[in-house]
Structure formats: C-alpha cells, structure tokens
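Single-structure report; data block below.
Counting from 1, the numbers follow the sequence of the chain as shown.
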Amino acid sequence: MESEEKTVVEEEKSENTLNNSLSIYLTTDEDDERPVYLAGNFNDWVTQDRSFQLTRVEEGKYTFRFPEGFSFPDQLIYKFTKGDWSEVEIDRYGNKTLNRFSDLKTGIQEEHVPKWRKNWLPYRPSQLPKVHLISEEFEIPQLKKTRKIWALLPHDYETSDEHYPVLYLQDAQNLFNENAPYGNWQIDKKLAVMSDYGIGKIIIIAIEHGEKERVLEYNFGKTLLGQGQGKKYIRFVTDTLKPFVDKNFRTKPEREFTGIGGSSMGGLVSIFSGLIYPEVYGKLMIFSPSLWVIPKIKFPFLDFFEPMETKIYLYAGGDESETMVKHTKKFKKRLLKRESIREKMKVKLSINEEGKHSETYWSDEFPKAIEWLFFSNKEGNI
C-alpha cells in the first residue's frame, strides 16, 4: 500500500518537474462516490468549482494539478469538500477542521482527510438550537382559531445580546419532531452543525399546520382545490405573528433579514406571502411547491407591483410527479418575465432529478437554502 502511494507521488513529482506546477496529493480513509473539490482563497471559496475538482486515482486517492502559470495568492488557504459546506472534510472524531495552508508554488503538497460530512451531519449536541414553545394555543384572529407555534433560537441566545434574522416556516410538525409519521427535516441538527461554520445564527419560527384543515388554510384564492383561506392565513403570519415575534425576541425585523418558507402546499402559501408582502419578506424558501393547483400560473399582480430586492430559493425533485419540475421552471420563468423584476429578484433553482416528495429531500436542501438566502455574502473561509 505504501509503495503504491509513493509511486503516485513520484509520478506527480516527475510531471511537476516538467510542468513547473504545484500538485496536491490527497488520501482519505473514508471514500464514496461523491467527487472531491478544492475551495479556498484562490477561487472565492466556491465549493463546487469544476476547475478545482480533484481526479480520483483509485479508492481513497486523489490528485489535483494547478495549471502552469497559475496566479497563486501569497499563501494558499483551502479546504476539501465533497461539493458544498454540508459535505466538507472533518477530523476522525467528526469535528470541524482548521483551514489548510501551503506556501508551495511548485512540487507536491500531500494531504489527508479522515472523514467527510454528509448532509451537515454529525452534529454537536451543545450547538443545538434552544427549542422554545411560544404557545400551545396562539390566537389566529383572522381565522378564529388557535395554533401551536415554536421558536428555535440560536444555542447561545440566552448568553448573547445579538439580534438575528428570522425565517417563518410552515408545517412545524415535520421540521424537528423525531416522531413525525413521515420523517422530519431535522432542522435542529442541521442548524447545530451550521452554527459551527458561522452560518446558523438564525431564529426559526415554526408554525404547526391545521391538521385536517391544512390544505384549506394553505390554499390561496380559488384553485383546483376550491376556495382556500390562504389570504387570511398570510395576514395572520404577517400582521399578527411577526409583530409579536419582533416584540418578544431579539430579531432583525427589516425585510432583508426576514424570510418565509415551506414545502408542498406550505411552499405554495409561502410564495403568495412573499409576492403579496414584498415589503415584509425579502427571502423565500420554496420547496416542491404545489403549483399544480394553479397550473396556468398567471400571478397578474406581478405586472403591477414595484419590485424590491428579493431572494428566492426554489427546489424541485424529478421523482415527485410528472409535472413538478416543469411547473417549477415555468414559475421561475413567469417570475422573471418583467425586466424590472429581473433586476431586483434573485432566484436560485435547485433540481434533484432523483428527489422524491418527502421530508428526507427537503432536509437535504434546507441548509443549502439557508446558506444561500441568509449567509451567501459571508466570507467563505469556514
């Protein structure tokens, strides 16, 4: 085994002598089918830059050669990832690793990675958000009902004086409940890992759905499902719940720090929340929206409202239905039809061709969406 590794390194050294370039030789104890990338101060810490994808020599062995004449920074600072920060290298105990450094410009830099994160796991229990029950029966005056609502607060909320961005999420029963019948998003565990990387400091307001009345409450206007109560529900979140949250928690109440989101019908009602109240919500997290209930997707009010700086993360799975991806792409196209909207609205479309209509896939997408929506301007050296 050792002699085989030396052979690969010797071959690289010979090549580098001819090409006057730097090569990285990476070994890893834990390998799988995911490709390996370099991210660092030489590419703005982009985690899935195909220009910096390593070549797999064999299981557990990778190489990368910088092109001849590459413009190196004074010192190379970098990490290895399997595609994004949810799949970054970790030490053999599952902990975050420090950045790597190299002063070389030619020759061989030998590196080793014991383990990799997968979907932001494993996590440290000490970093779990504080789960706070706001109310068992929060009053919804617009619908003359009550509802259980939770707040997930950063793990150090009680010992800090920071103010935080806020994301309002639908279907709280399926967000962090281990006993949820259809699985859950595991947002508590994902936020725990993200906080280690400086991108998890956010307050999540989780609103439980109305059980048998869920579809009725999330359905907006008259659709293929009939007349819904979505307008009243959106007014509740916007006019009643948000002011309460801003008064009772250390939030950043401005629109650029406020988001709303959900999946399926919860994604649909979140779309309308953001488009009807752009002055309130600057971030939308829309997973597998039930756009089939409004197949013509006209949104006539889009042609009249004054666009504001807004970020929308759209996700769809190719194995959800025959129309999910088609409808989601059509929706993005309709959103950006007007030039003035294109200038203001950033829409990231994420498609997983194998993705099914389930919490497992929404869980995978959650941290990626959080990072892009709320923390994408953060320095990447994490």
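- Sorted by first then second residue, the ring pair (Phe, Tyr, Trp, His ring centres under 6.0 Å) pairs that include residues 145-164, not counting sequence neighbours, are W150-F176, Y157-Y164.
- In this structure, D31 pairs ionically with K82, as a charged nitrogen and a carboxylate oxygen lie closer than 4.0 Å.
- Counting only distance, with no hydrogens or angles, the side chain of K252 and the backbone of V166 share no donor-acceptor pair below 3.5 Å.
- No donor-acceptor pair under 3.5 Å is formed between the side chain of N41 and the backbone N or O of P73.
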Take F366 and M285, measure what side-chain contact (heavy atoms from CB on, under 4.5 Å) needs, and give me the verdict at the end. CA-CA 9 Å; F366 172 75; M285 180 187 289; 4.0 Å; yes
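- Between D156 and K201 there is a salt bridge, since a side-chain N of the basic residue sits under 4.0 Å from a carboxylate O of the acidic one.
- Classification of E217 and K145 as a salt-bridged pair holds, one side-chain N sitting under 4.0 Å from a carboxylate O.
- Residues E87 and R34 are paired through a salt bridge, judged by an N-O separation under 4.0 Å between the basic side chain and the carboxylate.
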Residues Q170, Y233; criterion side chain to side chain donor-acceptor pair (under 3.5 Å); working and verdict: CA-CA 11 Å; Q170 323 311 323; Y233 177 81; 2.4 Å; yes
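- Distance alone, capped at 3.5 Å, places no donor-acceptor pair between the N174 side chain and the N184 backbone.
- Crowding of D74 atom CG: a count of heavy atoms from other residues, nucleotides or ligands under 6.0 Å not exceeding 12.
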Derivation of the side-chain contact (heavy atoms from CB on, under 4.5 Å) call for I207 and V237: CA-CA 9 Å; I207 311 160; V237 177; 4.0 Å; yes
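- With respect to K148 and E136, a salt bridge is recorded, a charged nitrogen being found less than 4.0 Å from a carboxylate O.
- By the 6.0 Å contact criterion, CG on L98 is open, its count of non-hydrogen atoms from other residues, nucleotides or ligands being 12 or less.
- Taking 4.0 Å as the cut-off between side-chain N and carboxylate O, K356 and D319 count as a salt-bridged pair.
- Under a cut-off of 6.0 angstrom, the local environment of CD in E322 is sparse, with at most 12 non-hydrogen atoms contributed by other residues, nucleotides or ligands.
- The main-chain N or O of W372 is found under 3.5 Å from a side-chain atom of K311 such that the two form a donor-acceptor pair.
- A side-chain donor from one of S350 and E365 sits under 3.5 Å from a side-chain acceptor of the other.
- If you run ring pair (Phe, Tyr, Trp, His ring centres under 6.0 Å) between F52 and each of Y37, W45, F42, only F42 comes through.
- Ion pairing between a basic and an acidic side chain is recognised when a charged N comes within 4.0 Å of a carboxylate O; K61 and E58 show such pairing.
- With S264 as the fixed residue, the side-chain hydrogen bond (donor to acceptor under 3.5 Å, both in side chains) test singles out one of S358, S288, S290: S290.
- A perpendicular orientation is assigned to the rings of F64 and F66, their planes being inclined by more than 60° (bins at 30° and 60°).
- Side-chain contact check for T81 and E89: no donor-acceptor pair (N or O, by modelled atom type) lies under 3.5 Å.
- A salt bridge does not link D29 to K115: none of the charged side-chain nitrogens sits closer than 4.0 Å to a carboxylate oxygen.
- For the residue pair W185/T360, the side-chain donor-acceptor check at 3.5 Å is not satisfied.
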